[in-house]
Each structure stands twice: as structure tokens, then as C-alpha cells.
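One structure is given here, and the rest of the page talks about it.
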Amino acid sequence: QVQLVESGGGLVQAGSSLRLSCEVSGTVFLIRNMAWYRQAPGKQRELVASIGGSGSPTYVDSVKGRFTVSRDNAKNTMYLQMNTLKPEDAAVYYCNAEVAVNDGGFRIRDIWGQGTQVTVSS
């Protein structure tokens with residue numbers, strides 16, 4: 001019932017920008033931590049950015065100054081603004097969220113989006 005709906009991926013030239021969105025759909029009591037991960041071919045999945053319920057962000061060093069993570073709690077949506085994209089940013093980006101649901105009782109669930117492809121050409 002509770003799903004993450006991602007959008008915004010695509011193919012862009014190096015130096016361009018993309019804005020990724022991740023909306024939590026379904027019935028939830030609250031959304032706690034949210035995060036963006038990415039995985040490039042032949043590499044391990046890495047945490048790119050995270051944001052707490054109060055809006056405090058963290059970033060991996062390689063994207064600091066270029067990426068901005070934010071959230072709109074009224075829309076149950078998290079964003080990742082990616083500027084000055086580099087070829088090494090190309091990867092499948094995954095949305096992750098901790099949500100409180102009534103699953104036979106109050107529970108915190110860790111859910112993932114399906115992933116969205118970001119391709120950066122030089």
C-alpha cells in the first residue's frame with residue numbers, strides 16, 4: 001500500500017541540472033528519515049544525501065556544493081536538486097524512507113523506490 005514514487009531522471013549533458021522527486025503514496029502516520037542512494041555499474045551502492053524530519057541534510061563529500069536535498073512534508077515529497085552534473089554522477093538513484101504505518105500495529109518500515117536512471121554525457 002505504501003510506495004515511493006520517483007521521477008525526474010533522464011539523460012543530460014555534463015554541467016547541466018536535474019531535479020529528482022520522491023513522493024510517499026498511501027496511508028502513513030508520519031515520515032521520518034529520507035535519503036537518496038545511487039549505484040553505478042560495477043560499484044557498490046552509496047548514500048548520496050539524507051534529510052531528517054526537521055530538514056537537516058547530510059551529503060557525501062563528492063556532491064557537496066552541487067547537490068541539495070530538501071523535503072516538503074505537506075506533499076510527502078523529497079527532492080534532490082543536482083547541479084553541475086558530472087559523468088561520474090551517472091547511476092541509478094534510489095529513494096529510501098522510514099515511515100510509520102499501521103501494519104497490524106504501529107510499525108516503522110524501511111521502504112525503497114524502484115530507482116531512476118541518471119545518465120550524464122560528456
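Worth knowing before you read on, the calculation uses all heavy atoms, side chains too, and leaves out hydrogens, waters and symmetry mates.
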Glu23/Asn76 under side chain to side chain donor-acceptor pair (under 3.5 Å): CA gap, chis, key distance, verdict: CA-CA 6 Å; Glu23 181 180 2; Asn76 290 342; over 6 Å; no

pair Arg32-Val99: side-chain heavy atoms closer than 4.5 Å: no

Nearest non-hydrogen partners of Ser122 and Ala14, listed with the distance: CA-CB, 4.4 Å

Exercise: identify the closest heavy-atom pair between Asn73 and Gly53: ND2-O, 3.5 Å

Any side-chain heavy-atom pair of Thr77 and Val24 under 4.5 Å: no

Joint hydrophobic cluster, Met34 plus Val60, side-chain heavy atoms closer than 4.5 Å: yes

Side-chain heavy atoms of Leu85 within contact of Leu18, under 4.5 Å: yes

Nearest atoms (heavy-atom pairs only) where Cys22 meets Leu4: SG-CB, 3.9 Å

Residues Ile111, Val2; criterion side chain to side chain contact (heavy atoms under 4.5 Å, CB included); working and verdict: CA-CA 8 Å; Ile111 56 177; Val2 179; 3.6 Å; yes

Co-membership, hydrophobic cluster, residues Leu47 and Leu80, 4.5 Å side-chain: no

Distance-minimising heavy-atom pair for Thr119 and Ala90: CA-CB, 4.3 Å

Single-linkage hydrophobic cluster, 4.5 Å side-chain cutoff, Val120 and Tyr93 together: yes

Verdict with reasoning, Val48 to Tyr37, per side chain to side chain contact (heavy atoms under 4.5 Å, CB included): CA-CA 5 Å; Val48 179; Tyr37 291 77; 5.6 Å; no

Test item: Leu20 and Met82 side chains (from C-beta on) under 4.5 Å apart, heavy atoms: yes

Shortest non-hydrogen contact from Ala91 toward Gln117: O-NE2, 3.5 Å

Arg71 NZ/CZ over Tyr79 ring centroid, <6.0 Å and within 45° of normal: no

Centroid-centroid under 6.0 Å between Trp36 and Phe67 rings: no

Heavy-atom neighbours of Gln1 CD exceed 12 at 6.0 Å: no

Nearest heavy atoms of Val5 and Ser25, plus distance in Å: CG2-OG, 4.0 Å

Side chain to side chain contact (heavy atoms under 4.5 Å, CB included) between Thr68 and Tyr59, intermediate numbers included: CA-CA 8 Å; Thr68 302; Tyr59 303 94; 3.9 Å; yes

Residue pair Met78, Cys95: steps toward the side chain to side chain contact (heavy atoms under 4.5 Å, CB included) verdict: CA-CA 9 Å; Met78 175 180 64; Cys95 178; 3.5 Å; yes

Flag, side chain of Glu6 to backbone of Gly115, donor-acceptor distance under 3.5 Å: yes

Test: Arg38 and Glu46 ion pair at under 4.0 Å: yes

Asp89 bridged to Lys86 by N-O distance under 4.0 Å: no

